[in-house]
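Below: one structure, written as structure tokens.
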Amino acid sequence: MAKGVLTGHWRNAFGAHAVTSTPGHPTTVDRLVEDFAALLARDELVGSANEFLSSASSLAATINDTGRVETLPDPFKGRLTEQPPSPGEFYTMFWRMFDRTPASMVQALALPIRRLLAQKIFAHCGDGVIFHHNVLFSKGANISIGDHSLINRYVMLDDRGPISIGSFVMVAAGVTIETHTHPFEDFTLPIAYAGRSQRPVSIGDNSVIGYNAVLMAGVTLGYRTIVGANSVVTKDVPDYTVVGGVPAKAIKQILPPSTGPIWSPSDGRPSDV
């Protein structure tokens with residue numbers, strides 16, 4: 001295809017069914033992939049790259065105009081029944097697209113927008129929750145988060161199963177929270193195609209999950225637990241416990257004093273901070 005024709009040709013093709021295929025009728029996505037393969041085969045991507053990327057970016061405009069998000073079937077569901085799309089799938093996609101704009105770096109705008117989206121998508125999102133940029137989640141509908149918690153940048157919340165995060169919880173950058181595993185006992189299939197086992201994860205109030213830590217499926221963290229950076233938590237953690245390492249083990253307990261005032265989440269956000 002001659003330079004200068006690509007963009008207009010594909011932009012004119014976009015519409016409500018740009019991603020939805022029907023038998024014998026390739027989608028716009030199919031055609032873009034075919035055209036990209038042809039450009040590579042002819043070694044003509046140089047000189048056409050900007051036009052191709054401009055055409056491909058029109059897919060985002062189609063999603064925003066129609067509210068329809070078409071995804072491919074889950075290749076790793078195994079024999080499990082395909083799950084229906086989440087009701088908040090459009091809002092999830094909008095969140096991801098917003099985080100790839102310069103506006104997402106303006107915290108005064110971005111923080112309330114993400115919080116409002118979370119209140120639309122999640123099972124529950126409390127007051128004053130902070131989400132920094134590029135937080136990813138699988139569905140959103142299986143996440144519950146309390147008041148005044150912070151989810152830092154590049155956190156992955158695998159909510160194929162339920163994730164419950166309490167109030168006043170700090171989740172540092174790069175943390176991964178898993179809620180599913182792949183069974184490996186079935187030798188009739190590759191492990192990747194043996195389906196998934198879902199196991200919920202719960203994080204108690206007033207806890208801290210350190211930088212790049214991983215919480216594996218099924219773990220429960222108690223009240224005021226602290227997980228060290230780069231740790232992998234594979235077992236439950238009791239209240240007031242600091243854990244660290246791979247796999248994470250108890251390092252010490254930090255218990256409240258026996259006398260004097262003690263703040264609790266039910267007191268709400270302190271007025272003097």
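Side chains are part of it too, since the values below use all heavy atoms of this structure and drop only hydrogens, waters and symmetry mates. Bear in mind that the values here come from a model prediction, so they are computed numbers and not experimental data.
A donor and an acceptor atom, one from each side chain of Ser202 and Thr220, are nowhere located under 3.5 Å apart.
Looking at heavy atoms from C-beta onward, Ile151 lies in side-chain contact with Ile165 at the 4.5 angstrom threshold.
Nearest heavy-atom pair across Pro183 and Ala194 is O-CB, 3.5 Å. Scanning all heavy atoms of the two residues, the minimum distance from Val175 to Gly210 falls at CG2-O, 3.2 Å. When all heavy atoms of Leu109 and Ala103 are compared, the pair lying nearest together is CD2-CB, 4.0 Å.
Phe122 and Phe131 have their aromatic ring centers within a separation under 6.0 angstrom. For Tyr154 and His133, the ring centers are positioned less than 6.0 Å apart.
Annotation: salt bridge (charged side-chain N to carboxylate O under 4.0 Å, His left out) contacts involving residues 102-131, sequence neighbours excluded, comprise Asp99-Arg114. Within the structure, no pair that satisfies the salt bridge (charged side-chain N to carboxylate O under 4.0 Å, His left out) test touches residues 245-267, not counting sequence neighbours.
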Test side-chain contact (heavy atoms from CB on, under 4.5 Å) on Arg199 and His180; report intermediate values, then the result. CA-CA 6 Å; Arg199 300 172 62 195; His180 81 275; over 6 Å; no
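We find the CG-SG distance between Leu116 and Cys125 to be 9.0 Å, quoted to the nearest 0.5 Å. To the nearest 0.5 angstrom, Thr241 atom OG1 is 9.5 Å from Ile226 atom CD1. Atoms CG and CD, on Asp158 and Glu178 in that order, are 4.5 Å from each other to the nearest 0.5 Å. Between the CG atom in Asn50 and the OG atom in Ser55 there is a gap of 10.5 Å [rounded to 0.5 Å].
Linking ILVMFWY side-chain heavy atoms closer than 4.5 Å, directly or via other members, places Val169 and Val243 in a single hydrophobic cluster. No path of Ile, Leu, Val, Met, Phe, Trp and Tyr side chains, each step under 4.5 Å between heavy atoms, connects Leu221 with Val208, placing them in separate hydrophobic clusters.
Annotation for Ile130: hydrophobic cluster partners, listed by chain and number, are Leu111, Leu150 (ILVMFWY side-chain heavy atoms under 4.5 Å, direct or chained). Under a 4.5 Å side-chain heavy-atom cut-off, the cluster of Ile, Leu, Val, Met, Phe, Trp and Tyr residues that includes Trp263 is completed by Phe168, Tyr223, Tyr240, Leu255. Other residues sharing the hydrophobic cluster of Leu136, ordered by chain and number and joined by side-chain separations under 4.5 Å: Met156. Residue Val246 is found in a hydrophobic cluster whose other members, listed by chain and number, are Val214, Met216, Val232; membership requires side-chain heavy atoms under 4.5 Å apart, directly or through intermediates.
Ring pair Phe94/Phe98 is parallel by interplanar angle, where below 30° counts as parallel and above 60° as perpendicular.
Formation of a donor-acceptor pair under 3.5 Å by the Asp186 side chain with backbone atoms of Thr188 is found in this model.
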